[in-house]
Structures are given as C-alpha cells and as structure tokens.
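Take a look at the structure set out below.
Convention: sequence-line order gives letters A, B, ...; per-chain numbering from 1.
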Amino acid sequence: MNKQLINMGSLCIGCGAGIIANEIIKSLNEPAIFVLATGCLEVGTTTYPHNSWPYPVIHANFGNAASVASGIARARKFNQKINKNLQIIAIAGDGATYDIGLAALSGMAERGEDVLYICYNNQAYMNTGIQKSGATPIGAQNSTLLKWEVEQKLYPKSVIKIMLAHKIPYVAQTIPIFNNDLTAKIKKAINIKGPKYIEILSPCIRGWYYEPKDSLNIINLAVETCFWPLFEYEDNQLKINYVPENKEKISTWLKLQKRFTELSKDKNLIDKLQKQINKNWEELLKENN
Amino acid sequence: MKKISLTGNEAVAYALKQVEPEVISFYPITPTTEIIQLTNKYILEGKMKTEMILAESEHSALSACVGAAACNLRTVTATASQGLLYMHEVLTVASGLNLPIVMIVGNRSISAPLNIHNDHSDTMAVKDSGWLQFYAENPQEAYYLTILAFKITNLIKIPAMICLDGFITTHELTKINILSDKEVKNFLGKKDKQKSLFNFEKAPIFGQLSLPDSYLYFRFKLAKKIKKSKKIIEKTFTNFNQKFQTHFNLIETFNLTTAKNIIIASSSICGTIKETITQNLKEWGLIKITTYRPFPKKSLINICKNKEKIIILDKSLTFKGEKTGHLYEEVKEALFDLQEKPKIFGEVVGLGGKAFSPKDLKKLIQKYE
Ligand SMILES: Cc1ncc(C[n+]2csc(CCOP(=O)(O)OP(=O)(O)O)c2C)c(N)n1
Ligand code: SF4
Ligand SMILES: [Mg+2]
C-alpha cells in the first residue's frame with residue numbers, strides 16, 4: 001500500500017492543498033524527502049508536536065524551498081546506502097513560487113538540480129489571510145485588493161512560461177481529482193532526471209469562498225472552461241492532456257466562487273476575460289499541432 | 001610540520017581542501033570570493049570530492065547548506081557584508097534546526113555608503129542569531145580555526161562563523177604552519193550520527209510550526225546549548241593545542257601579569273596592539289576575544305577584576321544613541337557585577353577600512369593616561 005498523509009492536521013476541511021499533497025504521496029513507490037515552503041500546507045500539517053508526513057520532511061523559510069531542495073539533491077550522492085530512486089520533492093504555494101522564491105526556483109532550474117518542484121496554486125497568500133499574490137487572477141476579492149483594473153493584469157504572469165524559458169526537461173500543469181492527471185504527471189516526472197516543475201491549481205475553500213458541495217464542480221469547470229488547461233511539456237514539447245468537448249463559459253466558474261462576486265457584475269470585464277481565455281487556449285492548440 | 005606562504009583566503013581554502021566537506025554552497029562577494037575560486041580549482045583538479053553549488057544568491061547559498069546539513073553532511077559557505085545580511089533570515093533557521101554548518105566571513109563594512117573594506121559591522125549585526133562566532137587574528141589562526149570549526153560544530157550541533165578581517169587578513173600573505181592531511185582527518189574523526197533526512201524509517205521532521213506553548217522551550221534549549229558549548233569549545237581547543245602546539249582559548253592574553261590596564265579587542269587589530277605594547281606601552285596588556293559567541297564572560301571577570309582601566313576597541317557601531325561599539329557593550333555588561341570595577345572606556349576605530357597604526361593607538365591611549 002502506498003503511503004498517505006497521516007491526517008489533514010489543521011488544514012480547512014476540503015482544502016485543495018491537502019488533497020494535492022495526498023495525491024502526490026500516493027503516487028510514489030520510491031523513497032522521498034519533502035521540502036516545504038512556509039504557507040498553508042506547511043503550517044497545517046506540521047504543527048508541533050504533530051506531523052502529518054510519512055516521509056522525511058524539512059521546512060526552512062518562505063522563499064527558499066528550491067534552494068534547500070538543491071542542497072539535499074547534492075547530498076544524495078554521499079549516501080551509498082540510499083535508493084537510487086530517492087526523490088527530492090519541494091512543495092510551495094503560489095506566493096512562495098511566483099513571488100518571494102522565484103529567483104531561488106530559477107537558480108535551481110538553471111543549475112539543473114535533480115528536484116521535482118511543485119507549486120500548489122491557490123491564487124493568493126492564504127496562510128496570512130488572502131492577500132494578493134503574483135498569481136491572483138483579475139477580480140478575485142482578497143484582503144489587499146485595490147482597483148483591480150489598475151492593479152491586476154487580465155491574466156497573471158505565467159511561471160510555466162518562465163520555467164519553459166529555462167529549458168528544463170519537464171514542465172506541467174494539472175489539477176487534483178481529474179482523470180488521474182495529477183498522479184500520471186507525478187509518476188512521469190519522477191522518472192526524469194533534472195529539474196521538473198509541476199503547477200497544480202489548488203481550490204481553497206476559505207479564499208475562494210465557495211460552498212463545499214461545489215468543490216468537484218469547481219475543479220471540473222476550471223478545466224472545462226479552459227481557464228486551467230491540462231498540459232505537459234517534455235523537453236519543451238507540448239502535449240495537451242485534455243480537450244473539452246464543449247467549452248464551458250468562464251462566467252459559470254466565476255459564479256460558484258464568492259471571491260468573484262464583484263467581477264461577476266462587470267459584464268464588460270468578463271467578456272474581456274473570456275476573450276483572453278479563448279485566445280490562450282487557441283494558442284495552446286496551435287502550438288500542439 | 002610544513003610551512004608555506006599563504007594569504008588568509010588561501011589558508012582557509014587549503015583547510016577546506018583538507019577537511020573535504022561534502023557540500024559547499026556559495027555566492028561571490030569581496031573579499032571572500034577567492035576562497036571559493038580556489039576550492040573550485042581543487043575540485044576540478046580532483047583534490048577534493050565536494051559538491052559545489054554556485055547559488056543565485058546568498059539566501060539560497062545558505063539554504064542549500066541547510067538542506068545538505070539536514071542530511072548530516074559537512075557543509076560550508078563563505079560570505080561578507082551585504083551577503084551575510086542577505087542570509088540573515090536563514091541564519092536563525094540554521095541554528096534553530098541545530099545544523100552544524102560552517103561559514104567563513106571576510107569581515108567587511110555594511111552599506112550605505114557602499115564600502116568594501118574591513119570592519120566588524122557585518123558579523124556584529126548577526127551576533128545574536130544563534131551561531132558561534134570565532135575571530136581570527138591572522139591567516140594562521142584562520143587556517144586552524146577553520147579546521148576547528150568543523151570539529152566544534154559537529155560536537156555541539158550548532159553552526160559557527162569563522163571571521164577574518166577583510167583584505168587585512170584575507171589578502172595578507174604570511175608563512176603559516178600547515179598540518180598534514182592525515183592529521184586533519186584524524187583530528188576531525190568520523191561525523192557523529194545525528195538526526196538526518198536520510199533516515200527513512202524514522203521519517204524525521206525539521207522545522208515545525210511551534211505555538212506559544214512550545215516555542216519558548218525550543219529557544220531556551222538553543223540558548224542552553226550555546227551556554228554549554230563553552231566547555232566543549234575549551235576542551236576541543238586544549239586537545240588541539242596539545243596535538244599541534246597552538247594556544248587557542250576563548251580569549252588570548254598578552255602582557256597581563258604586570259599591566260594595570262587592559263585593551264580589549266578582536267581580530268587583526270590585536271597584532272597592532274601587541275606590537276605597540278611591546279615597543280612602548282609596557283603598562284598595558286591585551287585581551288583578545290577569539291570566541292565572541294559564546295561570550296567569555298567568566299574569563300573576562302577573572303582577569304579584569306583587579307585592573308584599573310579598560311579600553312575596548314570596536315570595529316562596529318551600535319547606533320543606540322551613543323558612539324559605542326558592540327564589544328564595549330558586552331564587556332561592560334559582563335563586568336557589571338564586579339564589586340570594584342575598573343574604569344571602562346570604549347573607542348570605535350577602523351570603520352570601513354580606515355587604517356589604525358601603532359601611532360594611532362599610542363595617541364588614543366594617551367587620552368586615558
Ligand atoms: C520572509 C517572509 N515574509 C513573509 C512571511 C509571511 N508569510 C507566511 S506564509 C505567507 C503566504 C503564503 O502564500 P502561498 O505561498 O501562496 O501559500 P498559501 O498560504 O496560500 O498556501 C506569507 C506572506 C514569511 N513567513 N516569511
Ligand atoms: S485557507 Fe485555503 S489553502 Fe489554507 S488551509 Fe484553508 S482551504 Fe487550505
Ligand atoms: Mg497561495
């Protein structure tokens with residue numbers, strides 16, 4: 001039997017980050033060391049004396065998971081006894097990845113460290129009370145929101161593209177509980193040497209402000225609207241993993257989340273957002289051919 | 001024993017070659033860059049089997065050391081000035097996690113204004129981050145202390161900084177005694193078994209969140225560890241001294257038997273002070289602070305109790321509202337409980353590499369005679 005988190009600690013019930021961590025762990029057949037960045041997942045699963053992790057785990061700071069993981073990846077070679085398949089897996093939030101730890105992640109990729117870096121993206125600094133991060137989408141209510149037309153771009157910056165620019169062997173985007181896509185990508189990544197980057201959309205009950213009964217719907221619609229397409233790049237070669245038969249409208253996804261209450265009233269902006277999503281998706285399809 | 005001409009940086013690099021730590025992680029900064037250029041050369045020539053991580057910042061350089069040290073490996077970094085300040089966030093994690101990391105600091109002033117020359121502002125700014133701090137007077141001491149740091153951190157399980165004065169010591173060429181590789185390896189011995197990320201059965205955790213009910217316990221435990229480290233450091237020094245005819249101690253004294261007055265200082269300036277005392281300051285003695293953390297309070301009390309005047313020379317400023325340095329504050333506090341206290345004065349000298357000659361010292365002392 002594969003391992004799993006011993007329990008969900010103090011994470012909110014239904015927290016996407018907890019589900020993601022469990023899907024990652026359950027995908028593993030090999031020994032692994034986890035590196036956590038400060039954030040909801042770390043705080044929720046490691047409060048002394050409790051520890052949810054069935055694997056060795058280390059948390060140092062907010063912005064240095066990629067660098068701590070680099071040190072461990074190099075240390076691996078000095079322990080003959082350990083399994084050659086030992087995986088070093090860093091898990092960090094969007095704030096830790098897009099913002100404060102971006103240089104560390106870039107350094108890790110540039111040096112070619114044999115680390116699997118996972119960003120669970122809940123699109124804000126949740127642990128500190130839902131502040132805007134570099135991954136916050138337009139119109140998402142948060143505790144530091146100013147005028148979004150001014151403060152936020154129509155689409156957040158793309159760390160995926162930044163990682164592709166590093167030409168690392170594997171870059172992927174996925175979501176939990178959808179066609180086994182997450183598990184398949186973890187399994188693929190751990191068989192590739194070198195730096196790997198997987199970004200996972202991580203629904204957040206508290207920050208996205210939705211009814212727990214809508215959890216699955218939110219995951220499905222994120223993909224079916226093409227807001228969060230599932231794809232992967234092996235050696236910068238794109239493969240789209242799922243093509244919706246009938247693309248859903250973004251407004252249906254927005255409506256389920258109270259963080260978008262204000263945005264949902266702004267037809268003009270929703271139109272713009274829909275156009276941007278269509279454009280992104282078409283570009284992706286074009287690249288796939 | 002072999003004698004060769006080396007600069008402070010070269011001496012440290014030579015010591016690192018002999019110690020052969022498993023992981024070095026580094027980001028360039030004057031005046032320590034040379035240490036890593038040299039170790040890199042040793043690695044390329046196959047003279048040391050070390051993994052070198054050329055990090056993209058000092059924050060990451062130290063973070064990588066944290067990762068490697070949590071796997072129970074010997075690991076080292078080198079920095080100075082802004083680099084050390086850039087690491088500050090990770091410094092407290094390294095000590096809080098009880099990781100035996102060694103860091104070489106080529107002491108340098110801090111910005112602004114930008115200045116690449118020597119003073120102790122950088123290491124003084126982080127003196128309370130839970131690291132041991134040792135100050136080397138010259139390349140010879142830098143060489144020995146580098147080796148000693150690996151032994152001491154392995155015994156105590158807290159990280160240590162070896163501080164040498166930028167340009168003055170890092171770039172000073174002197175003939176120094178070199179131990180044989182075998183002597184170094186034998187002295188260091190095997191690394192202790194300790195908590196490691198490689199222990200998959202136990203699956204340990206490093207760096208938990210601690211609530212108010214436990215936080216105090218962890219911080220006090222670290223404070224106690226540092227207090228207890230004094231004995232271990234003294235024992236390790238004694239052992240080293242016996243083996244290699246050196247004279248390391250928490251502090252070093254000079255001309256103290258007859259002198260009524262004492263100068264207290266650390267690092268390269270002590271060379272100047274010794275020279276001046278020998279030539280024309282016979283009624284003054286010197287206490288050189290080699291070990292700044294843990295602070296050698298007891299030793300100071302014992303020596304200072306019957307003296308008349310004490311002048312503390314600092315190469316850093318506290319900005320507490322008076323023009324005083326950190327060492328001055330610490331010595332004053334240490335001697336506070338003495339019934340009959342000597343008169344205690346403090347002077348800040350040599351900031352940003354300003355030269356401090358025997359003549360300057362003479363003039364300064366005259367103020368207090
Ligand atoms: C250097 C530093 N700055 C700020 C913080 C405060 N802080 C802790 S967690 C966090 C936000 C984490 O956001 P993210 O990475 O998105 O993870 P999430 O909590 O959303 O899962 C912040 C700002 C910190 N711990 N360290
Ligand atoms: S705030 Fe969001 S990310 Fe944090 S524990 Fe709750 S659901 Fe998870
Ligand atoms: Mg987040």
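We find the OG-CG distance between A:Ser10 and B:Leu209 to be 8.0 Å, quoted to the nearest 0.5 Å. Between atom CZ of residue B:Phe200 and atom CD1 of residue A:Ile33 there is a gap of 4.5 Å, rounded to the nearest 0.5 Å. In this structure, CE in A:Met108 is found 11.0 Å from OG in B:Ser60, a value given to the nearest 0.5 Å. With rounding to the nearest 0.5 angstrom, the CD atom of B:Glu89 is 6.5 Å from the CD1 atom of A:Ile100. Atoms CD1 and NE2, from B:Ile205 and A:His50 in turn, are 8.5 Å apart once rounded to the nearest 0.5 Å. Here the CG-CD distance, from A:Asn51 to B:Gln208, works out to 5.5 Å after rounding to the nearest 0.5 Å.
Using a 4.5 Å cut-off between heavy atoms, B:Asn199 contacts chain A through its backbone alone, with no side-chain atom that close. Interface residue B:Leu211: only side-chain heavy atoms are found under 4.5 Å from chain A. Neither the backbone nor the side chain of A:Glu110 has a heavy atom closer than 4.5 Å to any heavy atom of chain B. Neither the backbone nor the side chain of B:Lys202 comes within less than 4.5 Å of any heavy atom of chain A. In this structure, chain B has a heavy atom under 4.5 Å from the backbone of A:Ala32, while its side chain stays farther away.
Most heavy-atom pairs under 4.5 Å with chain B, from the set A:Ile88, A:Asn61, A:Asn64: that is A:Asn61. Contacts with chain A were tallied for B:Asp213, B:Val93, B:Leu197; B:Leu197 has the most, counting heavy-atom pairs under 4.5 Å. With respect to chain B, the highest number of heavy-atom pairs below 4.5 Å among A:Thr45, A:Val35, A:Ile72, A:Leu36 belongs to A:Ile72.
No donor-acceptor pair closer than 3.5 Å links the side chain of B:Glu51 to the backbone N or O of A:Ala75.
Residue-environment remark: NZ (B:Lys221) stays at or below the threshold of 12 foreign heavy atoms within 6.0 Å. When the shell of 6.0 Å around NZ of B:Lys191 is examined, it contains more than 12 heavy atoms from other residues, nucleotides or ligands. Atom CZ of A:Phe78 has more than 12 heavy atoms from other residues, nucleotides or ligands within 6.0 Å. More than 12 heavy atoms of other residues, nucleotides or ligands shown are found within 6.0 angstrom of CG on B:Leu44. For B:Lys41, the NZ atom counts as loosely surrounded, since its 6.0 Å shell holds 12 or fewer non-hydrogen atoms of other residues, nucleotides or ligands. Annotation: A:Tyr209, atom OH; neighbour count of heavy atoms from other residues, nucleotides and ligands within 6.0 Å does not exceed 12.
If you look at A:Tyr48 and B:Tyr215, their ring centroids are not closer than 6.0 Å.
Counting only residues at least two apart or on different chains, the ring-ring contact (aromatic ring centres under 6.0 Å, His included) pairs with a member in residues 9-47 of chain A are A:Phe34-A:Trp53, A:Phe34-A:Tyr55.
Ionic pairing of B:Glu56 and A:Arg111 is present here: one or more N-O contacts between side-chain nitrogen and carboxylate oxygen are shorter than 4.0 angstrom.
Residues of residues 62-80 of chain B that come closer than 4.5 Å to chain A, counting heavy atoms only, are B:Ser63, B:Ala64, B:Val66, B:Gly67, B:Ala68, B:Ala70, B:Cys71, B:Leu73, ordered by residue number.
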